[in-house]
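Okay, so here's the structure we're looking at.
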Amino acid sequence: MSLTFRPCILIPCYNHGAMMAKVLTRLAPFQLPVIVVDDGSDAHTRQTLDQLAADNAHVTLVRLTHNAGKGAAVIRGLKVCAGAGFTHAVQVDADGQHAIEDIPQLLALAERHPQALISGQPIYDDSIPRSRRYGRWVTHVWVWIETLSLQLKDSMCGFRVYPVAATLQVINSVPLGKRMDFDTEVMVRLYWQGNTSYFLPTRVTYPQDGISHFDALKDNLRISLMHTRLFFGMLPRIPSLLFRRRSQHWAQQQEVKGLLGMRLMLRVWQLLGRKAFTLLLWPVIGVYWLTARPARQASQQWIARVNTTLEQRHQPKPARLNSFFHFLQFGNAMLDKVASWRGELKLHQDVVFAPGAREVLESQAPQGKLLLASHLGDVEVCRALAQLEGHNTINALVFSDNAQRFKQIMQEMAPEAGLNLIPVTDIGPDTAIALKEKLDRGEWVAIVGDRIAVDPQRGGNWRVVWSDFMGHPAPFPQGPFILASIMRCPVVLIFALRQQQKLHIHCETFADPLLLPRSERQQALQQTVDRYAQRLEHYALLSPLDWFNFFDFWRLPDTKEKE
């Protein structure tokens, strides 16, 4: 242990006299100085603490005349620690719920990261009250919003190592909550200050004879007010917090955007349910709307073109046609994905067919169908389609290397789903042969027709067909339409739009089969893409906020918009 690393134990205590002797006995093997802060306890506890301090030379007793709250006791203890020359304080609760045996591992982390807050990440047994478990997850979500990061894994665990000087810097700069709101607020504000946190999994047990000082009404109100303060305190810090995120290693950012975020979404859903999580969606979307400038500009561009088109056609404008509600619709679509993965979107109840749509899908054919989809609405409608009679297998062709992570999380979350993801970087002969075999077995293949597949930096070209869309030329990929012609199978247009609080599936026959004669292939391809663009525009105007292409759709990368 370095000469500049001087830790001690800090125990806030309020009427836990019966437990303190056992706690001190468990701490004895570590031979660390102990500072006990009596937070205005009753006479019996005061007497017990006096005796323990007299019998143990390494114990320093600090007394508050009146009960001021756990946070106030910790703040007082940290000031005593600083006065005694300690650099780090291991906070331990007085009720014996923490795995004190993990202190050496916590201190080892603290010595390697002396400016960081080191915290336990609780592993609970069945003794934790259910209300506490749910309440903790609500706070976790708020903390992720307030830091614009998923780095703070648990902000409520009282088993932690404070860097004394950095923590006092926060304490002296802003008034903090003095009771049950302290643990969370000080961690968030340390993060804002630049002091990150590291977490160590540790067991936490709620003793059967334990005393809880959590006041359901008062403390929940305090915690709500704390999150309100932190949310508004986060807003002016958004640029610095985002810069801090961008400065992380790219591999870390990739993992957060991949499996971790998806698992996290599912976990929150499982614990809180959709209604509670929908309420949390508003501030999340608000932050994203404020910070995602390119996506916001693309949304505003889309809405402007929708408005122009509707005016030219003398059609009424839908309500709430603005970029914030556009983002919110996208957020709700994310919730629909979780619901579909969990089997909570029920056919004919949450997902319904538009007139004639089911007949198109269920029309008999000797082979499977190619579903020509888009990023208009919830593309995870395949999950609902897999629940049709016969449990059709849906193979979704996706142009993304990252689809491997999506495929993995799908297998983890809903292994029974009849959805197979096929990630590709381009459509070649091997892909066409594999898909033809699936279609011959009666399976369906889904592919989007509104995203360009080939990246020219990988040696390819932008193989697109320009077609009029919303009054302006836009590039559409050739690949999906050429693939459809090769498959020689029925091609069905499919759109899933959220209308009247339900997901409506719109389907229509596009071709059976799609023919692109070699002698006039380019002309036929142009006519096919023009027809797709017209139908895409038709359905987009039915529900403009379901348009989820949050980029300049009318421009190729690094080129000027085609006139």
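- Of all heavy-atom pairs spanning Ser543 and Leu376, the tightest one is O-CD1, 4.1 Å.
- For the side chain to side chain donor-acceptor pair (under 3.5 Å) test, no residue two or more places apart in sequence or in another chain qualifies with Lys502.
- Considering all non-hydrogen atoms of both residues, Leu516 and Ser485 come closest at CD1-OG, 3.6 Å.
- Counting only distance, with no hydrogens or angles, the side chain of Arg498 and the backbone of Gln501 share a donor-acceptor pair below 3.5 Å.
- A distance of 9.0 Å separates SG of Cys157 from CD of Gln121, quoted to the nearest 0.5 Å.
- Within the model, atoms CG of Leu372 and CZ of Phe495 stand 7.5 Å from one another, a figure rounded to the nearest 0.5 Å.
- For Gln329, the side chain to side chain donor-acceptor pair (under 3.5 Å) partners at least two apart in sequence or on another chain are Asp546.
- Summarising the geometry of Val360 relative to Cys507, their closest heavy-atom pair is CG2-O, 4.1 Å, with the distance given to 0.1 Å.
- Residues Pro318 and Leu310 form a side-chain contact, since some pair of their non-hydrogen atoms from C-beta on lies under 4.5 Å apart.
- Atom CD of Gln478 and atom CG of Leu525 lie 5.5 Å apart (nearest 0.5 Å).
- For the pair Ile482 and Arg521, the minimum side-chain heavy-atom distance is below 4.5 Å.
- Between Phe231 and Trp142, the angle of the ring planes goes over 60°, which puts this pair in the perpendicular group of the 30/60° scheme.
- Interatomic distance, SG of Cys489 versus CG of Leu370, reported as 5.0 Å (0.5 Å rounding).
- Here the closest non-hydrogen pair linking Arg451 and Val448 is CB-CG2, 4.3 Å.
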Distance-only check: which donor-acceptor pairs under 3.5 Å involve side-chain atoms of residues 534-541, not counting sequence neighbours?
| from | atom 1 | to | atom 2 | distance (Å) |
| --- | --- | --- | --- | --- |
| Arg535 | NE | Glu508 | OE1 | 3.4 |
| Arg535 | NE | Glu508 | OE2 | 3.0 |
| Arg535 | NH2 | Glu508 | OE1 | 3.0 |
| Glu537 | OE1 | Met470 | N | 2.7 |
| Glu537 | OE2 | Arg313 | NH2 | 2.1 |
| Tyr539 | OH | Glu508 | OE1 | 2.7 |

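- Under the 3.5 Å distance criterion, the side-chain polar atoms of Ser323 are left unmatched by any main-chain donor or acceptor of Gln300.
- A heavy-atom distance below 4.5 Å is not found between the side chains of Leu514 and Met487.
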Go through the steps to decide whether Arg531 and Gln527 satisfy the test side-chain contact (heavy atoms from CB on, under 4.5 Å), and finish with yes or no. CA-CA 6 Å; Arg531 189 155 52 90; Gln527 293 173 348; over 6 Å; no
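- The two residues Pro544 and Trp302 come nearest to each other via the heavy atoms O-NE1, 3.0 Å.
- Although no hydrogens or angles enter the test, the distance criterion places a donor-acceptor pair under 3.5 Å between the side chain of Thr528 and the main chain of Ala524.
- Between Phe548 and Gly377, the shortest heavy-atom distance links the atoms CD1-O, 3.4 Å.
- Rounding to the nearest 0.5 Å gives a distance of 10.0 Å between CZ of Arg488 and NZ of Lys436.
- Asn549 places no side-chain N or O within donor-acceptor distance of the main-chain N or O of Phe551, the cut-off being under 3.5 Å.
- Applying the ring-ring contact (aromatic ring centres under 6.0 Å, His included) rule to Phe553 yields the partners Phe469, Phe476, Trp547; only residues at least two apart in sequence or on another chain are considered.
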Can you list the steps and then say if Val529 with Trp466 is a side-chain contact (heavy atoms from CB on, under 4.5 Å)? CA-CA 8 Å; Val529 173; Trp466 290 85; over 6 Å; no
Step-by-step side-chain contact (heavy atoms from CB on, under 4.5 Å) determination, Met234 to Val287: CA-CA 9 Å; Met234 173 272 297; Val287 171; 3.4 Å; yes
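- Under a 3.5 Å cut-off, the side chain of Lys438 and the backbone N or O of Val445 do not form any donor-acceptor pair.
- Taking 4.5 Å as the limit, some side-chain heavy atom of Lys317 sits within range of a side-chain heavy atom of Glu311.
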Val188 and Val143: side-chain contact (heavy atoms from CB on, under 4.5 Å), yes or no, with the steps? CA-CA 7 Å; Val188 170; Val143 166; 4.0 Å; yes
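- Using a 4.5 Å cut-off on side-chain heavy atoms (C-beta onward), Leu321 and Leu545 make contact.
- Here the NE2-CD1 distance, from His227 to Ile145, works out to 9.5 Å after rounding to the nearest 0.5 Å.
- Between the Trp192 side chain and the Glu146 main chain, a donor and an acceptor come within less than 3.5 Å of each other.
- Inter-residue side-chain proximity for Tyr532 and Leu493 is flagged as met; some heavy-atom pair is nearer than 4.5 Å.
- Residues Ile505 and Ile494 form a side-chain contact, since some pair of their non-hydrogen atoms from C-beta on lies under 4.5 Å apart.
- Taking the side chain to side chain donor-acceptor pair (under 3.5 Å) definition, one finds that Gln312 meets it with nothing, sequence neighbours left out.
- The salt bridge (Lys or Arg N to Asp or Glu O under 4.0 Å) pairs that include a residue from residues 290-303 number zero, where partners must be two or more places apart or lie in different chains.
- Using bins of under 30°, 30° to 60° and over 60° for the plane-to-plane angle, the ring pair Phe324/Trp289 lands in the perpendicular bin.
- Between the side chain of Asp450 and the main chain of His375, a donor-acceptor pair closer than 3.5 Å is present.
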